[in-house]
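Working notes, beginning with the structure itself.
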Amino acid sequence: MSSSVSQGTSPKDLVRENIRNLRPYQPGKPIEEVEREIGITGAIKLASNENPLGPSPLALEAAAKMVAQSHLYPDGAAYYLRRDLAELHGIAPEQLVFGSGCNEVIQMLIGAFCVPGKHEVLSHKYAFISYRLQTLAHGCKFVEAEVTKELGCDVDALLAKVTENTRLIFVANPNNPTGAHLDKSQLEKLLAGVPPHAIVVIDEAYHEYARVADADYPKSHDYASDRPLLVTLRTFSKIYGLAGMRVGYGICSIEVADFLNRLRRPFNVNLTGQEAARASIRDVTHVQRSAELARDGIAKYRDAAAELGIVAYPSLGNFLLIDVKRPADEVYEALLRMGVIVRPMAVWGLTTHLRISIGTDEQNERCLNALRTVLK
Ligand SMILES: Cc1ncc(COP(=O)(O)O)c(C=O)c1O
């Protein structure tokens, strides 16, 4: 078959301009890569806000049973997981939209509601990076509002950036990488101030950690009954310890869910993940233990901050942002050489900051000792 593209044409000349200019998402460095590069063993990874306790044993058991059925396509409608989650949240099953991680639901929202070159997606500085990347990949303008002194969402500044072209407003509550959150009154102010042409997405990837950390932490879905344009995001990647299985979901109105489902890839949530997710909801003890471990760990880092001469930002998640008051890349590299993988924040423009995911007690102790050595 003859091609109209000559042999000499570079893909660079053909790719859409917004993709050519896009810097890909940089995940936390995998343990194996660090060990290979540095020639060490026994490295620990505190870089991707994973649950150091791993999945619930119930989830592992459920997943193992499903592996034998891997020749079958999964249930594209995720019937049983949908039913269980609807019961858990007290909603209609049709209000749920599943994604291969909630990253995919973010992509579906932008794909369904934003016209490239026309609509704007709004968030704030230092917000979860996927909002920006996926907006730019789609060919829309990403608008960032200024933040509070603690690097949290400033609701007034955010609302001031809304224009007639704003279609989606993303706020992670709590936010990654800062750990900052909106309290009840701030969330209510945001919801009251958004004009009717914009959809508000409250990303609650760390919800289960936050609700243990702060009794006043608001659940966005409580405000959904009279707001058809409010979407809540949740994931099984964080407290449920199933990041590798890629299961996330959105809670929204039946109408919004219907539009998102038109765009959803067939069989996007795998067979094993669906059953592991169902089992992990049942293991409330594992969830509680995981949340408490994170709270204790954050308290330890915060206690050590003064002694280390660093700033630790408040966090309701299972991670915390620290300002090491010197070029963070050097601290990051020195920690790497000691087998401790954390996350540098230069991509966000925070050149003296690192984000540390909370590990087990031993991992936290090792990270703190490494920081003591590097920062002394
Ligand atoms: C705030 C926030 N939202 C969404 C996600 C995406 O999670 P997943 O796609 O694994 O469900 C993350 C993961 O780091 C996150 O931090």
Side-chain angles (χ1 to χ4, degrees), residues 24-30 45-52 54-55 59 78 81 85 96-111 121 123-135 137 147 151-153 168-182 187 200-211 213 217 220 231-251 260 264-265 268-270 272-274 276-277 280-281 294 313 315-321 341-343 345 347-348 355-358:
Y25 177 73
Q26 293 280 338
K29 263 190 180 261
K45 183 179 168 214
L46 302 173
S48 298
N49 303 345
E50 294 147 339
N51 184 344
L81 178 58
L85 283 172
L96 289 160
V97 180
F98 292 97
S100 173
C102 68
N103 259 300
E104 197 188 15
V105 185
I106 296 169
Q107 191 180 31
M108 287 192 262
L109 281 160
I110 297 169
V121 173
S123 191
H124 54 79
K125 275 186 163 173
Y126 318 122
F128 180 49
I129 203 121
S130 219
Y131 312 147
R132 161 195 282 278
L133 293 182
Q134 300 205 42
T135 301
V147 286
L151 309 185
C153 173
L168 287 167
I169 302 176
F170 283 98
V171 176
N173 199 28
N175 181 47
N176 167 24
T178 58
H181 74 285
L182 292 180
L187 179 65
V200 182
V201 185
I202 305 294
D203 179 345
E204 296 178 348
Y206 301 93
H207 169 87
E208 300 84 357
Y209 291 106
R211 71 167 184 217
Y217 162 77
S220 58
V231 179
T232 298
L233 300 181
R234 295 285 182 90
T235 183
F236 284 92
S237 299
K238 303 302 172 185
I239 210 159
Y240 294 107
L242 297 177
M245 295 214 189
R246 314 302 305 128
V247 189
Y249 60 100
I251 308 175
L260 296 181
R264 196 171 53 79
R265 286 178 297 117
N268 63 331
V269 179
N270 70 74
T272 325
Q274 290 187 29
S280 63
I281 302 169
Y313 288 79
S315 169
L316 290 197
N318 64 338
F319 57 90
L320 91 168
L321 185 71
I341 314 169
V342 297
R343 194 71 163 263
M345 291 287 105
V347 174
W348 276 268
R355 190 195 67 196
I356 302 175
S357 305
I358 306 302

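No experiment lies behind these values; they were computed from the predicted model shown. Both counts, for ligands and for their atoms, begin at 1 and track the order of listing.
Of the N and O atoms on the side chains of Asn176 and Arg355, at least one donor lies less than 3.5 Å from an acceptor on the other residue.
In this structure, Phe236 does not count as a contact residue of ligand 1, since none of its heavy atoms falls inside 4.0 Å of the ligand. Residue Ser237 places a heavy atom under 4.0 Å from ligand 1.
The shortest N or O to N or O distance between Cys102 and ligand 1 is below 3.5 Å. For Ser100, no nitrogen or oxygen atom sits less than 3.5 Å from a nitrogen or oxygen atom of ligand 1, counting backbone and side chain alike.
For atom 6 (C) of ligand 1, the closest non-hydrogen atom of the protein is Asn103 ND2, 3.4 Å. The shortest contact between atom 12 (C) of ligand 1 and any protein heavy atom is with Phe128 CZ, 3.3 Å. When only non-hydrogen protein atoms are considered, atom 14 (O) of ligand 1 lies nearest to Lys238 NZ, 2.9 Å.
Within the 4.5 Å cutoff, the side chain of Ser100 has heavy atoms near those of the Arg265 side chain. Two residues are said to be in side-chain contact when any heavy atoms from C-beta on lie closer than 4.5 Å; Lys238 and Glu208 fail this criterion. Proximity of Val105 to Val201: side-chain heavy atoms (C-beta onward) are nowhere separated by under 4.5 Å.
When atom types are taken as modelled, the side chain of Asn49 and the backbone of Asn318 share no donor-acceptor pair closer than 3.5 angstrom. Checked by atom type and distance alone, the side chain of Asn173 never pairs as donor or acceptor with a backbone atom of His181 at under 3.5 Å.
Residue contacts with ligand 1, taken as heavy atom pairs separated by less than 4.0 Å, involve Asp203 solely via side-chain atoms from C-beta onward. When heavy-atom distances to ligand 1 are checked against a 4.0 Å cut-off, Arg246 comes that close only through its side chain, counted from C-beta outward.
By heavy-atom distance, the residue among Phe319, Tyr206, Tyr131, Phe170 lying nearest atom 16 (O) of ligand 1 is Tyr206.
Under the ring pair (Phe, Tyr, Trp, His ring centres under 6.0 Å) test applied with His207, the options Tyr217, Phe236, Tyr240, Tyr249 reduce to a single match, Tyr217.
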